[in-house]
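The structure appears right after this line, and notes come after that.
Numbers here simply count residues along the sequence, with the first being 1. This is a predicted model, so every value here is computed, not measured.
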Amino acid sequence: MNRNLLGLLLASTLALALSGCATGLSSSTNRTEKALRANPADVGRIADIVRASYETISGPAQHPWPWDRDRTLYMPQAIFVSNSVEQGQVKTRIETPEDYRRRFIAGAYETEIGRHIERYGNVAQVRSVSVVRDTPDGPVKSRWVNYFQLYWDGTRWWIAAMVWDQERGALPIPGSWIGKLDEDK
């Protein structure tokens with residue numbers, strides 16, 4: 001396919017997607033807010049919404065998952081991007097929070113061990129380092145770097161997207177990223 005045609009196709013697809021998001025966001029947001037009201041303590045500060053997101057996915061295998069609480073943290077049309085490396089090949093999974101909830105397997109505790117907040121006006125990005133354990137105080141099974149993209153709508157914070165990658169031998173998490181938990185600026 002020639003480059004001009006490919007560029008036009010990509011631009012058209014993006015324009016359609018954005019117009020659909022803009023149209024759908026307003027009506028979806030209203031439905032979400034009517035159906036599920038967020039706890040103000042979960043969404044009033046950047047650090048709080050990140051904390052709440054970890055709390056909703058942590059618990060023992062038979063735990064009744066607080067998916068209604070989890071749904072109040074993400075904007076409609078939020079996106080998750082998970083990266084991993086399997087046999088030397090990068091694998092990427094792109095899904096909605098609802099897709100993630102449907103395939104979620106229980107029985108782990110994810111805890112934040114480092115957080116860096118960058119904020120400009122009503123948008124923010126958070127680099128959050130976490131560890132995963134089988135029990136709250138058990139040995140660390142894995143460590144992750146999670147990037148949260150957030151926005152403030154005038155009354156509360158929303159998570160618009162999350163992108164994450166797992167630490168591995170050839171890709172250690174920098175020590176300077178661990179131990180400090182930024183609060184909102």
Side-chain angles (χ1 to χ4, degrees), residues 36-60 63 65-85 90 92-101 104-185:
L36 300 170
R37 298 258 181 222
N39 178 344
D42 284 348
V43 298
R45 295 181 330 120
I46 296 167
D48 293 335
I49 197 168
V50 170
R51 173 193 45 78
S53 74
Y54 284 118
E55 289 175 359
T56 62
I57 62 166
S58 295
H63 179 66
W65 299 103
W67 294 139
D68 282 347
R69 179 185 182 201
D70 190 64
R71 286 181 184 95
T72 68
L73 307 177
Y74 302 94
M75 71 167 206
Q77 295 91 22
I79 190 158
F80 286 175
V81 181
S82 172
N83 287 286
S84 63
V85 175
V90 175
T92 302
R93 180 190 301 252
I94 300 171
E95 57 192 350
T96 67
E98 200 60 43
D99 294 334
Y100 178 82
R101 289 180 204 107
F104 188 81
I105 52 176
Y109 294 82
E110 190 166 0
T111 308
E112 190 176 33
I113 61 169
R115 177 187 326 118
H116 176 69
I117 298 172
E118 291 181 358
R119 178 179 176 181
Y120 180 81
N122 296 315
V123 297
Q125 173 174 278
V126 178
R127 180 191 66 227
S128 176
V129 178
S130 67
V131 295
V132 176
R133 298 177 168 95
D134 287 332
T135 61
D137 298 319
V140 173
K141 287 178 30 179
S142 59
R143 299 191 328 171
W144 298 82
V145 175
N146 307 292
Y147 283 94
F148 291 76
Q149 304 293 312
L150 303 107
Y151 72 94
W152 176 260
D153 71 359
T155 60
R156 58 155 295 175
W157 285 99
W158 291 91
I159 300 171
M162 286 182 60
V163 180
W164 61 87
D165 200 355
Q166 184 175 8
E167 180 182 49
R168 47 197 168 274
L171 190 62
I173 295 172
S176 62
W177 290 10
I178 299 168
K180 183 177 179 216
L181 295 168
D182 284 359
E183 293 297 323
D184 296 22
K185 298 174 182 177

Inset, instruction - Measure the spacing between CZ of Arg168 and OG of Ser142 and express it to the nearest 0.5 Å. - result: 12.0 Å

Legend entry - Cation over ring face, Arg127 and Trp177, 6.0 Å, 45°: yes

Inset, instruction - Check whether any side-chain N or O of Thr72 sits under 3.5 Å from a backbone N or O of Arg69 as a donor-acceptor pair, and report yes or no. - result: yes

Legend entry - Heavy-atom closest pair, residues Trp157 and Leu150: CE3-CB, 3.8 Å

Inset, instruction - Take Tyr151 and Asn122, measure what side chain to side chain contact (heavy atoms under 4.5 Å, CB included) needs, and give me the verdict at the end. - result: CA-CA 6 Å; Tyr151 72 94; Asn122 296 315; 5.8 Å; no

Legend entry - Note, Ile178 side chain near Arg143 side chain (heavy atom, < 4.5 Å): yes

Legend entry - Glu167 (side chain) donor-acceptor with Ile173 (main chain) under 3.5 angstrom: yes

Inset, instruction - First locate atom CE of Met162, then atom CD of Gln149, and finally report the distance between them rounded to the nearest 0.5 Å. - result: 10.5 Å

Inset, instruction - Determine the interplanar angle of the Trp67 and Trp65 rings, folded into 0 to 90°, and report it as parallel if under 30°, tilted if 30 to 60°, perpendicular if over 60°. - result: parallel

Inset, instruction - Give, for atom OG of Ser82 and atom CD of Glu95, the distance between the pair rounded to the nearest 0.5 Å. - result: 7.0 Å

Inset, instruction - Could you pull out the closest heavy-atom pair between Ser130 and Glu110, with the gap in Å? - result: OG-OE2, 2.6 Å

Legend entry - Salt bridge Glu98-Arg71, side-chain N to carboxylate O under 4.0 Å: yes

Legend entry - Gap separating the CD1 atom of Ile117 from the CZ atom of Phe148, nearest 0.5 angstrom: 10.5 Å

Legend entry - Reported OG-to-CH2 distance for the pair Ser128 and Trp164, which is rounded to 0.5 angstrom: 12.0 Å

Legend entry - Expected output: side-chain Asp99 to main-chain Thr96 donor-acceptor under 3.5 Å: yes

Legend entry - Contact summary for Leu73 and Thr56, nearest pair of heavy atoms: CD1-CG2, 4.4 Å

Inset, instruction - Please name the pair of heavy atoms, one in Arg156 and one in Ala38, separated by the smallest distance, quoted to 0.1 Å. - result: NH1-CB, 3.5 Å

Inset, instruction - Taking all heavy atoms of Ala41 and all of Asp48, pick out the closest pair and write down the distance. - result: O-CB, 3.2 Å

Legend entry - Criterion side chain to side chain contact (heavy atoms under 4.5 Å, CB included) on Asp165 and Val145, from CA distance to verdict: CA-CA 6 Å; Asp165 200 355; Val145 175; 5.6 Å; no

Legend entry - Over all atoms of both residues, closest heavy-atom pair of Tyr54 and Asn146: OH-ND2, 2.9 Å

Legend entry - Arg119 bridged to Asp184 by N-O distance under 4.0 Å: no

Legend entry - Atom pair CZ/NZ of Arg115 and Lys180 - distance to nearest 0.5 Å: 10.5 Å

